[in-house]
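Quick note: numbers below take in every heavy atom, side chains included, and nothing from hydrogens, waters or symmetry partners. We number each residue from 1, following the sequence as shown.
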Amino acid sequence: LAPPLSVGSIFLKEPNKAIDLAEQYGVCTGFQARSCGLNWVLAPVCDINNNPNNPVINMRAWGEDAHTVAALSSAFHRGLSSQGVLSCAKHFPGHGDTSVDSHLKLPVLQHDLKRLHDVELFPFKAVVSSGVDAVMTAHLLLPKVDSKYPATLSEKIISKLLREEIGFDGLLVTDALVMKPISQRYGCGEAAVMAFAAGADLLMMPENPDVAIEAICEALLSGRVPIKRLEQALLRRKQALAKVNFLNETIQIQGKASSSFELERAQDLRLVDELIDSSIEIRNVRRSAIKDAGINLIRIDGILPCPF
């Protein structure tokens with residue numbers, strides 16, 4: 001499929017069509033995920049592509065303004081959920097306005113809470129209202145909210161801002177803890193404990209899983225992290241799995257489940273064509289009018305074979 005940002009370009013011209021395409025995008029993604037045995041997709045990206053120097057978000061974003069991203073990410077979530085697959089909004093509280101790759105260095109954003117609520121948090125609040133199942137944290141520092149800890153390790157951002165102010169009570173997962181701003185600054189075990197204590201329910205890709213598990217066990221046994229924190233995380237995981245089972249039972253009852261393995265259906269291939277046809281822009285009309293001259297080169301980055 002064309003990247004989400006292409007749907008954002010359609011939204012500027014035909015918002016209703018773009019919302020429908022974003023929902024179909026979610027249906028296609030959810031169907032293929034479930035066909036492969038997956039029950040959770042780490043999407044939609046709710047970051048706003050509002051910084052041209054951002055090296056990691058760009059085409060993954062659904063748009064370049066808060067309202068576009070809110071509308072399209074919510075539509076994608078609806079489509080994904082219709083296929084019995086859990087969704088995940090990322091990267092909270094917003095990774096769009098950064099110029100640093102958080103896989104390598106810690107981005108610092110000087111936004112206050114008013115700016116965050118007006119811009120970065122707007123799409124997250126929209127998908128939370130739509131019933132998104134999980135939220136992923138970002139490895140970035142917001143000194144005007146928490147001057148000491150990055151969002152992934154910040155109780156002020158995870159528990160107070162996301163849980164209490166926005167009202168999200170689903171699964172909260174960290175971005176990969178192996179990423180350098182976390183692993184090199186805090187170490188594997190300490191980072192795991194800090195993220196868990198701050199409110200994360202699931203810890204993604206610690207540098208050494210055994211070290212991370214042992215550190216959390218020690219923190220629970222010593223009382224550094226209350227056992228209630230573990231009980232909360234286990235309950236949210238149990239509720240998420242119960243939702244997956246319920247959604248899949250509903251799909252079976254409605255007769256929407258496919259009896260044969262067909263990863264790419266006709267409707268999915270039509271969606272591929274429609275996304276390209278609706279989003280492509282020809283900027284040099286005179287040159288495009290020249291026929292039988294030159295060669296068009298299309299680069300496709302992906303692990304699945306491309307039919308064209």
Side-chain angles (χ1 to χ4, degrees), residues 1-36 38 40-50 54 57-91 94-96 122-134 247 251 254 256 258 262-283 288 296 298-308:
L1 297 177
L5 194 58
S6 65
V7 189
S9 68
I10 300 169
F11 186 87
L12 300 177
K13 299 171 289 186
E14 300 178 86
N16 291 333
K17 180 178 182 179
I19 289 171
D20 179 62
L21 287 173
E23 188 162 346
Q24 290 184 52
Y25 205 124
V27 170
C28 175
T29 304
F31 172 81
Q32 293 189 357
R34 190 160 52 83
S35 297
C36 293
L38 303 175
W40 190 26
V41 171
L42 300 181
V45 168
C46 290
D47 305 310
I48 304 166
N49 188 43
N50 55 3
N54 193 311
I57 301 302
N58 45 69
M59 290 187 298
R60 294 193 290 164
W62 288 94
E64 298 180 341
D65 66 88
H67 289 274
T68 300
V69 176
L72 298 181
S73 57
S74 296
F76 176 90
H77 156 73
R78 290 194 299 271
L80 199 65
S81 294
S82 73
Q83 301 302 301
V85 175
L86 300 178
S87 57
C88 179
K90 62 183 186 182
H91 307 80
H95 202 320
F122 190 85
F124 288 97
K125 288 188 278 189
V127 293
V128 168
S129 296
S130 297
V132 75
D133 302 293
L247 290 173
I251 289 171
Q254 294 175 347
K256 294 181 180 179
S258 176
E262 185 184 18
L263 192 60
E264 288 185 322
R265 303 165 297 178
Q267 67 192 70
D268 301 325
L269 297 176
R270 286 195 298 270
L271 176 61
V272 171
D273 291 338
E274 188 167 6
L275 286 171
I276 294 173
D277 291 342
S278 299
S279 64
I280 196 166
E281 295 181 7
I282 301 174
R283 298 187 179 182
S288 67
N296 290 327
I298 301 176
R299 173 176 172 174
I300 304 295
D301 293 321
I303 46 178
L304 295 177
C306 180
F308 57 87

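Nearest heavy-atom pair across Cys88 and Trp40 is CB-NE1, 3.7 Å. Val7 and Tyr25 get closest at one heavy-atom pair: CG2-CD1, 4.2 Å. Here the shortest heavy-atom pairing between Leu72 and Ala22 reads O-CB, 3.6 Å. Shortest non-hydrogen contact noted between Val69 and Val45 is CG1-O, 4.3 Å. For the residue pair Val85 and Gly30, the shortest heavy atom distance occurs at CG2-O, 3.4 Å. Summarising the geometry of Leu263 relative to Cys36, their closest heavy-atom pair is CD1-SG, 3.9 Å, with the distance given to 0.1 Å.
Here CG of Leu271 is found 9.0 Å from CG of Asp20. Values are rounded to the nearest 0.5 Å. Summarising the geometry, atom SG belonging to Cys46 is positioned 12.0 Å from atom CZ belonging to Arg60; distances are rounded to the nearest 0.5 Å. Asp273 CG to Arg270 CZ: the interatomic distance, rounded to the nearest 0.5 Å, is 9.5 Å. Leu275 contributes atom CG, which lies 12.0 Å from atom CD1 of Ile280 (distance to the nearest 0.5 angstrom). Atom CG in Leu80 sits 8.0 Å away from atom CG in Asp133 (nearest 0.5 Å). One distance of note links OG of Ser129 with CZ of Phe124; it measures 13.5 Å at 0.5 Å rounding.
Donor-acceptor pairing under 3.5 Å is lacking for the side chains of His77 and Ser130.
Using modelled atom types, no side-chain atom of Arg34 and backbone atom of Gly84 make a donor-acceptor pair closer than 3.5 Å. At least one donor-acceptor pair closer than 3.5 Å links the side chain of Lys90 to the backbone N or O of Leu42. Remark: side-chain polar atoms of Asp47 are not paired, donor with acceptor, to backbone N or O of Ala61 under 3.5 angstrom.
By the salt bridge (charged side-chain N to carboxylate O under 4.0 Å, His left out) test, Arg265 is found to be paired with Asp268, residues two or more places apart in sequence or in another chain being considered. In this view, Glu64 satisfies the salt bridge (charged side-chain N to carboxylate O under 4.0 Å, His left out) rule with no residue, not counting sequence neighbours. Under the ring pair (Phe, Tyr, Trp, His ring centres under 6.0 Å) criterion, Phe11 pairs with no residue at all, not counting sequence neighbours.
Within the 4.5 Å cutoff, side-chain heavy atoms of Val272 are placed close to those of Leu1. Between Gln32 and Cys28, some side-chain heavy-atom pair lies under the 4.5 Å cut-off. In this structure, Gln24 and Leu21 have side chains that are in contact, with non-hydrogen atoms separated by less than 4.5 Å. The shortest side-chain heavy-atom distance between Leu5 and Asn58 does not fall under the 4.5 Å cut-off. Side-chain atoms of Ser6 and Ile276, non-hydrogen and from C-beta on, never get closer than 4.5 Å to each other. Residues Ser73 and Val132 have side chains not in contact (no heavy-atom distance under 4.5 Å, counting atoms from C-beta outward).
Note on ring orientation: taking the six-membered ring where Trp is involved, the planes of His67 and Phe122 are tilted (angle from 30° to 60°).
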